[in-house]
Structure formats: C-alpha cells, structure tokens
Amino acid sequence: MKPFRGMQGKQNRLFLTILCYFLSLLIPIVIIGISEYWYSVSIMKNEFNQRISTNLGSSANAVDLYIKTTQETGVNFLYDDTVQTLLMPKNLQSLEVKAELWRLPRILQRNENIVSKYTDSMFVYIDNQDVYVSGGVNYFESFFNNMYKYDKYDASYWMKKQGSDKSVELLPVTKVIQEKIHVKQVVPIVMTNRIRNHNAVMVVNMDVQTIEKTLKGGAVFDSTGFVVLDGTREALYDANGYLNGPVTAASLNTAFEGNIGGSKELKVSGKPYMVAHVKSDLYGWDYYSFTPIDEFNHYTVGILQMTLLLCIVLMVMGIVFSFVFSLRIYNPIRNIRDIIAQKSVPMNGENEVNVNAAANEFELIQQGINRMSDSHQQYKVKYDKQTSEYVEYSLLFLLKGHTINQEEILRETLKADFGFTHSGFICCTVFFDFKDAFYQDIQDTERIYIINGIKKIVWNLLGNQVPCYVLEHRQNLFVCLINIEGPQDTELLHPAFHSMLNIFEYDIRMYYDITIGIGTFYTNVNDIGASYNEAMTAVSKRNKDQRFQIVDSNQLSIENSYQYSLHDEQKILNYLKLGDVPAVQDVIVSVVESNVQHGVSYEHMLQLFKEMYVTGVRFLAEKGQSVAQLEMEHELPFSEKAFGESFLGTKELEKAAIEFFTRIIETTKAQRGQKTGNLVSLIEKYIQEHYTQDLGLEQIADEMGVSVKYVSRVFKDKTGEYLTDYINQVRIEKAKELLVQTDLRVNDIAERIGIHSRTTFLRVFKKVEGISPNEYRTLHKKIKGFE
C-alpha cells in the first residue's frame, strides 16, 4: 500500500498544479485592465486638451470680433458725411459750423451705443483745443489731465498722435482714471483719418473686464485662469498672477513656439496645469488658459473605479471557476486511484491493515459529511433566533433611511415567520415619556423587565388585529411594523391602541405619558423608513399636555427624511481613525448642505445631527472612552434631554458637531500611546463607583453614550452574565460587608446599597446568596465565634 500512499500525495500535488494553471489564466485580465485604463485615460486626455483649446479659441475669436467691430465703428464715424463736414480745428470753424457742432456728440453717442457692450468710452479730436465725447465738448488739456487721465499716456502723447501715420493702432494696456474717481484697465484703440488736410484722431477704449468676462464665459471649468499678451508680448491680462513666478511671457513664447493653437502641461508655482495657447491672426494677441490637472484627474477617477471593479469581478469569477474546474478534473482522477487501490489489495495481514487504514481515511470524509448534517440540524435550531435578528437589523437599517437591495428576502422572511401576507406596510411609533415617579418607585435593575413586558403587551394587542413586528428602537420608543392591505385598514389599529389605553390607564396617570404616531401606507419594503419618519414626525407634533394621544401623519404636512448614508458614516469613522480634522469637517458640512438643499424639515435635521453624534459616541466606545472624557468647553446639545429641548439653528448645531468630532480626534490622539480600557471595564468601574445611586440601564447607556441594547449585548458577550445580575452582585457584596462589620438594620443596609425596597432587597439577596440577610449575619457570627 505504500505506493498508493505516495500516489495520494502526488494526486494532491496534481490538484494544486491544475489549480495554478487555471489561476495563471487570470494574468491577462490584469494586463488587459491596465492597458484599457491607460488607453481610456489617453483618449480622455486628448478630448480634455481639445475641449479647452477649442473653448479658448472661441473666446479669443469673440474678443477679436469685439475689436474688429470697434475698429469698424470708429472708421465709420470718421467717414461719416456730417463728421467730415463739421470736424475741423477750432480756429477754422465758422459760425455756421459752430452752430452745428452739437451734432458731433450725438453721432458719437450713436456709435458708442453700438459698441458699449464691450468698450468703456469713445472720443475724437482734431487739434489740441477740443475733445469731443458723447456728452459734449471738453478742453484738450483738462480732458487728458483731469477728466480722463491715462496712466501711461499724458496730454503731450495724444498731441503727438495727430502726426501718426498709422490708420489703426492698438496701444498696450493702461490704467485710466475718470474724473479722479473711477479707475479701469483699458486697451486704447486709436484710429487716424485725414479730414481737410488735418489728422483726426478717434480713440475707443476697450475695457479689460470685457476681455475677462468673455474668456471666463467660454471656460469649461470655473478653476481655469487666463493670461493675454498683446502684440508687444506685454501682459494685457493676468488676474491670477501666473507670470509673477518662474513662468514669464518669454518662457511661454518659447514653450509654444511652433505649436500655436495647442496645449502643454506646465508647472506654475509647483502645481501642474494644462496650458492651452491661441494666437490672434488679426492683432497678434496671445491667449493662454491655465487649467489645473486636478480637473482632469476628477474625470479619470470614474474610469479607474470601473476598471478596478471589472477586474475584481473577473478575478473573483476566475478564481471560483478555477476551483470548480480543478475539482471537476481532479475528482475523476482521485476516484480512479481509489478503485485501483481497492482492486489491487493483496490478501495478507500487513496489507489488510494498510487497506483498513486507507478505509479509515474515507471514513473521515464520511464523518465530515455527518458533521455537516449535524451542523445543519444545529442551524435549524438557531434559525428562529437568527431570523429574528436578521429582521431586526434589516428594519433598523431601513429606519435610518437606507435601502436594501434584496428586499424580497426580507419580505419572504416576514411572510414565513411573522404572517406578513398583505401587500403593504405601515409604521407606528409608541413613545413612552417616563415621569420622575417611575424612576423613584421602580428599582433600576427591574426596569428592563418592565420595558420588555410593555413590548410584549404592545405586540400582542396589535397582533390580535393585524400581522406586526415590534422592536425597541430607542430608549422608551417602540417601532411597530404593521402589515395591512391598504390605507383603509389603518382603522384596524385604533381598537388595539384603545385597548392599550385601558391596560396602561393606571400607569399613565402615575408613571408615563404615551404618544402613538401613525405613518403612511407603503407597498415597497424600502419605504418603511419613510413611514417611520412620518410616524416620528407625528410624535414630534404631539400635545405635551395630553397623557395619551394618537397622532396620524396623514393629517400633517411632512417633509422628506434626512439623508445620512452608511457611506457618509463610514467616511467620518475613517477620518476619525486617521485624525484628519479638516476631512471630518468637510464631510459634516457636505452632509448638512446636501440635506438643506433637499429641503429637509427642522425635526429631521435634529435627527441628522443626533445620528452623527451617535457615530462619534460609538467610535469613542470602541476606543474604551466616553463623552464625559472629552472635556468640552460648552455643553453638547445632543444628549437626550438637551436634544429634546434644543431649538438651535442648523449652523449652530453644525458648529457644535464639528467641535465634538474635533475633540474626539484630539482626545484619541493624545491617548494613542496609553493603554485604554474597553467599554466593559468602563461600565464595571461606573457601577462600582455609583452602586448606591439609581442604576437603570438607560442611565448607564446614557453615561456611556450608547444605546441600552448595545450596552446589554456588549456586556453579556464580554463577561457571560447579564448587566442587571452584575449590578445585583456588586450591591450584595457591599451589603455582606455591612452585615458583618456593622449592626445596621436590614432596611438601612438596603438604602445604603441603592435598593430602596426591603422586599426587593430580601429577594435579591436570597437569589444571590441562597439565604436571607439575617441568616447570613447569624451564620457569620457563629463562624467567628468558633474561631
């Protein structure tokens, strides 16, 4: 049989070899994915460059058109018959001409209106005496020195322009001060024409802001900046100061030499930009656009994500198929080996032992199958519990406003296990507002049993009328998911609610108020959250003076629920772990702004901030800390009491939330190197320090900053005992010390350890120790006497 054992090892290696061959076929998937990504990025980059270049060219053409139109308007003015007749030096004007000079400002105004959209002003002169503008006639010296003073060109410069031999000239950009108040950047367009042996000079000032608006209006991205150089390579426009650093007009000219109308990637102050260039054919101006490369990277993120997702899916499928195919090829080989081994066993003692040993190996396989069968039976035993947990977690997920993809699974589970056979759902919330008498008269360790009893009563009352599922969503709040056929069946709920009034009539007068909120009927599982939000809004509209009331959301005007996805919550948790304060602040601001833009009502905005607060508290709990350790400068408006009474605006709550998360990061960073306790140790320490006080589970949960259900579950999982039992053990240990060391009465001892009822103390003491307090004291005295 030794050869067969060796064969068995080889066959196992053969399976691994076959599997490796199949897995090697996955390598082309990675190569193709990388190639496809780079190819797509290359195409997108070309389209990106072409798009910004095309838009820059369109904007440049628009500016050229403005200049051309301005030039044509000025030339038309100079060749106008009336202008040719009236425009002459002042010393040559006759009385008849002077009487008609009022026409020149009118004609100027008419031409100025044509180009007023993109020019600042227009004026003309033919001597050094008068300057004609649309508003009238001004003295030459006064006009250029006071009314319209150029930064680069004084009155003598414009006087010399009368001798210019250029018919049209675009002067470099200059600053002009109008009436010593208004300052603008303009490009003077100068046109000269001969009228009766005298040179008439027409000047039209093109506003640089017009060029800026035209360029930005044609930009693809808001972050794109521009640089415009005139024909002398002087900066005409550079609002973002790109030319103040290493990049200069000369370096731009060198970079785009021979590549007019294209684009290149350049670095400006260490930041990469895609720079596009267009040169004007009419006036020789150079237009440059500076677009951050980050804008292009935003486009490629989606391609990268899609490529990675596709590769991951294909890899997973390839791995699964590799295992399947390897098994399908290997199993026949293994079966043939087993048949050969059985057929080849010689009839001798040693080989029979070996054959039996081989048979025992197959028995191990059979034992594995039996174990699987036993596991299946155990699974069936746990099915009901797991089903209930699945339904509860799914409903809690929906109540937060999220959606589930496999809603049919939840629908079928509700149908099979809870009798949900109708077509639709409706959420009702039962809110118990406990009074001080409840906490005074009911022992803290007993309250959880009372709450569970109330839950069973509510479930039974509603279940007698319609199929339902009841869960304790928050402290003192039960959510009832009810299955009905249509909105008209809502009336079936009222008898159950009135029966509830009869049962809790005495307790309502003594211990708590009850408010029932009824949501809207929906047929879609993913709308359960919406119905819950409507029911909660109905509860928030309650009349606080009534002890028992039913509020139907159909009678209210309710806005949509807030938006706070698991993705948003996970981002906050990730940034908290990284200690990135700005990133957490950005997520909070983004979530709040998104909800504000969607018109979320004020009540739901409060719930949004509370959910974000719970996220931070859970993070602290995982770190073994509590909110009390944060040492906040101001009281947080997110506790149960403060939150219910808070009427702060959205901005104030947003600021408080940012301060809250900032302190979390500072605290967790400061204690990163220290050994921190877990949540269970904090609970135990709190109980040992406050066992003489009221220790209801809601009190402990509020102190730890988590829910009652979370406190109970974590403590049970970590210690193996219920939290209420641990509280009783701590108190009884203290009571035993007092019984032995003092002569206090039993009633006094019960008061000192936080149990205010003698009957309760006697029952709890006997449950823990097996004997009464007096018997324990007597027994201890006898033992001491024997010593």
Side-chain angles (χ1 to χ4, degrees), residues 432-455 472 474-477 507 510-512 614 617-618 620-621 624-629 639-644 677-739 742 744 746-769 773:
F432 288 80
D433 187 7
F434 290 100
K435 304 303 179 184
D436 293 339
F438 177 80
Y439 299 99
Q440 295 171 359
D441 297 346
I442 307 299
Q443 186 64 36
D444 46 15
T445 56
E446 306 291 332
R447 292 171 197 156
I448 187 171
Y449 304 109
I450 295 176
I451 298 297
N452 290 333
I454 292 175
K455 177 181 177 180
E472 185 181 2
R474 296 177 182 173
Q475 182 178 337
N476 308 342
L477 176 68
D507 292 340
M510 295 291 297
Y511 297 124
Y512 45 73
V614 171
V617 171
R618 288 176 179 170
L620 285 172
Q625 301 178 22
S626 65
V627 176
Q629 297 175 269
S639 64
E640 285 293 331
K641 182 178 180 181
F643 190 81
N678 55 26
L679 180 60
V680 173
S681 64
L682 288 175
I683 296 172
E684 291 175 343
K685 181 180 179 182
Y686 181 82
I687 292 173
Q688 291 169 2
E689 292 177 351
H690 300 84
Y691 68 92
T692 61
Q693 303 173 7
D694 187 278
L695 284 179
L697 295 188
E698 62 277 8
Q699 170 67 23
I700 298 175
D702 186 65
E703 184 66 24
M704 298 297 110
V706 294
S707 66
V708 173
K709 185 174 294 184
Y710 184 79
V711 166
S712 300
R713 179 170 59 82
V714 170
F715 195 91
K716 180 67 168 63
D717 292 342
K718 297 296 183 180
T719 65
E721 63 180 336
Y722 292 103
L723 185 54
T724 53
D725 292 340
Y726 178 78
I727 296 172
N728 287 332
Q729 289 177 8
V730 171
R731 286 173 170 166
I732 295 306
E733 287 298 322
K734 300 298 181 181
K736 287 162 59 179
E737 294 177 6
L738 294 174
L739 286 169
T742 69
L744 292 173
V746 171
N747 291 350
D748 297 333
I749 293 175
E751 287 290 333
R752 288 197 178 190
I753 65 171
I755 299 178
H756 306 297
S757 169
R758 173 186 172 87
T759 304
T760 303
F761 173 67
L762 294 175
R763 177 173 55 80
V764 173
F765 192 99
K766 191 167 186 178
K767 178 181 178 182
V768 175
E769 294 298 319

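- Smallest separation of non-hydrogen atoms from F761 and P773: CE2-CG, 3.5 Å.
- Atom CG of residue N728 and atom CG of residue L723 lie 10.0 Å apart, to the nearest 0.5 angstrom.
- In this structure, NZ in K716 is found 9.5 Å from CG in D725, a value given to the nearest 0.5 Å.
- Put simply, CZ on R731 and CD on Q688 are 13.0 Å apart, with the number rounded to the nearest 0.5 Å.
- Under the side chain to side chain contact (heavy atoms under 4.5 Å, CB included) rule, Q443 has a single partner from L695, T724, I755, which is I755.
- Between the CZ atom of F765 and the CZ atom of R758 there is a distance of 12.5 Å, given to the nearest 0.5 Å.
- Residues Y691 and Q729 bring no donor and acceptor atom of their side chains to less than 3.5 Å of each other.
- Taking each heavy atom of L697 and S712 in turn, the nearest pair found is CD1-OG, 3.8 Å.
- The shortest side-chain heavy-atom distance between I442 and Y449 does not fall under the 4.5 Å cut-off.
- For the side-chain contact (heavy atoms from CB on, under 4.5 Å) test, residues two or more places apart in sequence or in another chain that qualify with T719 are V680, E684, F715, E721.
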Item to complete: Show the numbers, then the answer: is there a side chain to side chain contact (heavy atoms under 4.5 Å, CB included) between L738 and D748?
Response: CA-CA 10 Å; L738 294 174; D748 297 333; over 6 Å; no
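- Annotation: the span from Q693 atom CD to Y686 atom OH amounts to 6.0 Å, rounded to 0.5 Å.
- No more than 12 heavy atoms of other residues, nucleotides or ligands sit less than 6.0 Å from atom NZ of K766.
- The distance from atom CG of L744 to atom CZ of R752, rounded to the nearest 0.5 Å, is 4.5 Å.
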